[in-house]
Undergrad: 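Here it is, the structure in full.
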Number of protein chains: 2
Amino acid sequence: MIRFESPKVTADVVLFSIYNDNLQMLLVKRKNPPFRGQWALPGGFLERKESLLAAARRELFEETGVRHLYLEQLYTFGDPGRDPRGRVVTVAYFALVPSPLSVSAGSDAREAKWWPAGGLPKLAFDHKRIIECALTRLRAKLEYTNVAWSLLPKKFALTDLQKVYELVSGKELDKRNFRKKILSLGLLRPLKERRTGAHQRPARLYAFKTKKKVELKRFFK
Amino acid sequence: MIRFESPKVTADVVLFSIYNDNLQMLLVKRKNPPFRGQWALPGGFLERKESLLAAARRELFEETGVRHLYLEQLYTFGDPGRDPRGRVVTVAYFALVPSPLSVSAGSDAREAKWWPAGGLPKLAFDHKRIIECALTRLRAKLEYTNVAWSLLPKKFALTDLQKVYELVSGKELDKRNFRKKILSLGLLRPLKERRTGAHQRPARLYAFKTKKKVELKRFFK
DNA sequence: ATCTTTATTGTATAATCAACACTATATGAA
DNA sequence: TTCATATAGTGTTGATTATACAATAAAGAT
């Protein structure tokens, strides 16, 4: 029934974060051919007795040192010819970490770097397509789930949350309507604490009541 | 970099249709071990130089003779131990065909049969889980896309469309509100034709203006 | 005090959703 | 030809939700 040597299977991860007023993505520089020296998604081959999710988690940890994050399967890419070494089927994952995140310390020696979603370098393999797929998914999930909240730290101001929505969707939102809607969901707990900055009124901080995934009614517009 | 013999990759398909007042799914009886004689999803190993989508399409055609249908990637299952023969990664697809569909003529000699979603037999491998995943996807997509329309023939009455929504979602819908909403989308073209039945007023038939996938606002409730 | 910067709050209008019941038109039987 | 039956078709009202829009509050720096 098996008609040829099996494809190789990899797990690759599209990791998003927000800092510097930008939606950013983590890429690593390839140290081996093919595409040596080019930027690519972190990822690698599935190990024996390892689930796909575990492989994604392991690869990400090796590159970034990050262990706890939002991680879900994105899509599987398996067109013949997408890897010059031979048949490779890639199960892509989609991940979110709160900003700010220092990512320098990968145990893997590869260079890892955050890139703004708007200004990515030339990418190895079909990784451009995978990233487009991830961006589409992120924007879509923003509308009907609370995943975007994984991009924030434990304590945050409502303005921060609004910023996440604006940066990901690329649309400006009305502050009053945003706050009304978010608060009406009843998923945020206001904290005693405030955050103060230079020359401004201090902002009240909030925390999520739950870390669980929630399905919302379609969100904005 | 490759540490062990590669996993095998299969494409399996969860095919839905509606007839007999039921949401039905196509299963095939396995003629070889493992799970010989048990029911399973149609599918099989990826061929050389064949894309994942092409593999799903080919497997489905071999089992059912169906060529034109709605087909999208569902999810990839790769836990170690899900196939007793060894490591197998399955890319599952999700398919819809209009009813009624005669499916008897698979070129493959395997027995194929439609089963109502509510009364499935014991299934081989982890196919029960895959089917649950597909049902969840179908119900979700019903709410914010027009995919469910792939379950109808070219010409249909509004009652038929409502029936699709009711059978998939398991909820009864108000006839007046349903018709208002569907027609307000402007995606249906009323035909001259009517369909007549015994002892009843004839129903006007409609057709979809487009076959393309459309993203809708969240649909019912 | 005053200036600067960001935080916070409410209202009026429009659009959408949800609940609800009767009339219309065909067939077949009396 | 009338009647019974079965499904098709149609509007209104009240509730909820979405949108548009601008002034005041609190802190730090000078």
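None of these values were measured; they are calculated from a predicted model. These numbers come from the heavy atoms of this one structure, side chains and all, not from hydrogens, waters or symmetry mates. In what follows, chains carry the letters A, B, and so on, assigned in the order in which the sequence lines appear, proteins first and then strands, with residues in each chain numbered from 1.
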Undergrad: Can you see if the side chain of A:T159 gets near the phosphate of C:dA7 - specifically, an N or O under 4.0 Å from OP1 or OP2?
TA: yes
Undergrad: State whether the distance check finds a donor on one side and an acceptor on the other, under 3.5 Å, for side chain B:K163 versus base D:dT7.
TA: no
Undergrad: Can you list, by residue number, the residues of residues 199-209 of chain B that have a non-hydrogen atom closer than 4.0 angstrom to DNA chain D?
TA: B:H199, B:Q200, B:R201, B:P202, B:A203, B:R204
Undergrad: Answer yes or no on whether A:R30 is positioned over the face of A:F35, meaning its NZ or CZ is under 6.0 Å from the six-membered ring centre and within 45° of the axis.
TA: no
Undergrad: How close or far is atom P of D:dT19 from atom CG of A:L173, stated in whole angstroms?
TA: 10 Å
Undergrad: Using whole Å, what does the distance between atom C1' of nucleotide D:dA18 and atom CD1 of A:I182 come to?
TA: 15 Å
Undergrad: What pairs meet the side chain to side chain donor-acceptor pair (under 3.5 Å) rule with one or both residues in residues 189-200 of chain B, with sequence neighbours excluded?
TA: B:K155-B:E193, B:D160-B:R195
Undergrad: Determine, using ring centers only, whether B:F94 and B:Y75 are less than 6.0 Å apart.
TA: no
Undergrad: Assess whether one donor atom and one acceptor atom, taken from the side chain of B:D174 and the base of C:dC20, lie less than 3.5 Å apart.
TA: yes
Undergrad: Please check the phosphate of C:dC17 (OP1 and OP2 only) for any side-chain N or O of B:K181 closer than 4.0 Å.
TA: yes
Undergrad: Between atom CZ in B:F178 and atom P in C:dT16, what is the gap in whole Å?
TA: 18 Å
Undergrad: Taking CG from B:L185 and C1' from C:dT16, how many angstroms apart are they, rounded to a whole number?
TA: 13 Å
Undergrad: Between A:K171 and A:E166, does any side-chain N to carboxylate O distance fall below 4.0 Å?
TA: no
Undergrad: For the rings on A:Y70 and A:Y93, is their centre-to-centre separation under 6.0 Å?
TA: no
Undergrad: To the nearest Å, how far apart are B:K175 NZ and C:dA24 P?
TA: 15 Å
Undergrad: Round to the nearest Å and state the distance from A:D160 atom CG to C:dT6 atom P.
TA: 13 Å
Undergrad: Under the criterion side-chain contact (heavy atoms from CB on, under 4.5 Å), I'd like the reasoning laid out for A:S169 against A:L142: C-alpha separation, chi angles, the key distance, then a yes or no.
TA: CA-CA 8 Å; A:S169 71; A:L142 197 66; 4.2 Å; yes
Undergrad: B:L158 has an atom CG; how far is it from atom P of D:dT7, in whole Å?
TA: 16 Å
Undergrad: Does a side-chain N or O of B:R176 approach OP1 or OP2 of D:dG9 to a distance below 4.0 Å, or not?
TA: no
Undergrad: Nearest whole Å is fine: how far is D:dA26 P from A:R195 CZ?
TA: 18 Å
Undergrad: Would you give me the side-chain donor-acceptor pairs under 3.5 Å for residues 131-139 of chain A, sequence neighbours excluded?
TA:
from, atom 1, to, atom 2, distance (Å)
A:E132, OE2, A:K128, NZ, 3.3
A:T136, OG1, A:E132, O, 2.9
A:R137, NH1, A:E72, OE2, 2.7
A:R137, NH1, A:Q73, O, 3.2
A:R137, NH2, A:L74, O, 2.5
A:R139, NE, A:V168, O, 2.9

Undergrad: Could you check which of D:dG11, D:dT19, C:dA7 has an atom nearest any side-chain atom of B:N177?
TA: D:dG11
Undergrad: For the base of C:dT16, is there a side-chain donor-acceptor partner from B:K180 under 3.5 Å away?
TA: no
